[in-house]
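Notes follow the structure.
Since the structure is predicted, the reported quantities are computational estimates derived from the model, not experimental observations. Naming convention: chains lettered A, B, ... in sequence-line order (proteins, then strands); numbering from 1 in each chain.
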Amino acid sequence: MKCEKTQSLLNDYIDETLSVLHAEVVNNHCHTCADCARQLESLRLQKEALKSLPVPPASDGFEKRVFATAAQDTRAAQNIHNNQGSFYQFATAAMISALVLWLGLFNDTKTGNDDLELVIVGEEIRIIKVAIDSEHALDAVNMRVELSDNLELKGFGNKKQIHWTTHLRQGVNVISLPIVGIAQGEGDITTRIQLNGKEKVMRIKTEYKLPDSVLYQGSRVLQG
Amino acid sequence: MSIVKLFKSRNQTGDRFEQLVSPYINTLYSFAFRLCQSTDDAEELVQLLLTRLFPKLEELEKVESLRPWLTRSLYNLYVDSYRKQQRTLAIISPEEMPVNVISTDKTPYENIELSHNQQVITAAMQQLNEEQRLVMMLHDAEGYTLVELADILQTPIGTLKSRLHRGRNLVRELTEMELFDD
């Protein structure tokens, strides 16, 4: 068998999906051809390394939290559908804060002030996920994110107001905002969604502190 | 319905849901991590799936083979919500919303120890397109067969096999001189 043909069978060989006859031919060829043998060994090492590639563990209490949140969110969603236009919040992973906003028909103008308080400690990046569950696809929606002076959005330097125009598709739209603290003290993150002169606002209070194990644990409790 | 009965009924629903899905949580989390390459996003994706499924408990209880059903649902959710959203964010307004707004500059494996070969290969896999990387991760790392993946990803086996082989060969070309027996 020629090298080209052998090399085209190496993947099937390491997956053990070749017929006995073909496997033997590949095996015999690799015993006499250093180049093909090297390629075979390389593929074998590659597959072996991936086979044992670990998955980093989920955060503490993930399983318990994920079930509790599913139940809690379902109830909250039911409440929201009974009272459209309100806001609600939920927290998921320890390092992620998520807000969910139901846009409905966008036929009301409301400003909500959520109670979620985000504690940022030291140099960590806190990812705020704003989930917008829109009943309809919406074009030309203005999104604005405003940060207090002691916060930064990673990648945007000193910019405290970021705005852009986008479309929202029907269903869940998620924006990830990696927030870093730059000066101690209280602050806030405001997300505004504007359409046809109407606006919905979500506000998260923040507190940026220096590393302190007790406070850090407190922030986790807040998220849990 | 009295408040006590309502409370009990809610708890029973929660218990039934947890009992049904709990055996697959680790599978779902691993699968989500292979898709998202981020522990935070993997947790978020699983959370989103469970939140969507919770109100559909009765339908869920009728599913005969839950593991492939759940992984397929997770993948569909990844495609519908997560991946599309990531793309949308990247193209919303390049001057205002750079791509790095959705990245925290973290490597997915920064907190765990990898062998030399694993480090070399995971770095090389960043050069693959997403389709190749996905099938390599799910087949070689997660252990799904091509038949299972064809069902989960709703893609013909031949296409998956081609992506797998091309991905591996590309990684081999990129890493050949750096791999050795650990």
Where does [X] contact chain A at under 4.5 Å (heavy atoms): side chain, backbone, both or neither?
X       : result
F17(B)  : both
V21(B)  : both
E173(B) : neither
T39(B)  : side chain
T122(B) : side chain

Requested in this report: Give the member of S22(B), G143(B), A124(B) that has the highest number of heavy-atom pairs under 4.5 Å with chain A.
Outcome: S22(B)
Report task. Give the member of K161(B), R34(B), R172(B) that has the highest number of heavy-atom pairs under 4.5 Å with chain A. Result -> R172(B)
Flag the pair [X] and [Y] as a salt bridge only when some basic side-chain nitrogen lies within less than 4.0 angstrom of an acidic carboxylate oxygen.
X       : Y       : value
K56(B)  : E59(B)  : no
R44(A)  : E48(A)  : yes
R144(A) : E146(A) : yes
D140(B) : R168(B) : yes

Query raised in the report: So, D15(A) and T17(A): side-chain donor and acceptor under 3.5 Å apart, yes or no?
Result: no
**Report entry** Distance-only donor-acceptor check, side chains T175(B) and Q46(A), under 3.5 Å
**Finding:**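 The criterion, which ignores hydrogens and geometry beyond distance, is not satisfied for Q46(A) and T175(B).
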Query raised in the report: Among S52(A), P56(A), S42(A), S8(A), which has the most heavy-atom pairs under 4.5 Å with chain B?
Result: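 Result: the option with the highest number of such pairs is P56(A).
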Query raised in the report: Where does Q7(A) contact chain B at under 4.5 Å (heavy atoms): side chain, backbone, both or neither?
Result: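 Neither; nothing under 4.5 Å.
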Requested in this report: Over 60° means perpendicular and under 30° means parallel, so classify the ring planes of F62(A) and Y29(B), tilted if in between.
Outcome: tilted
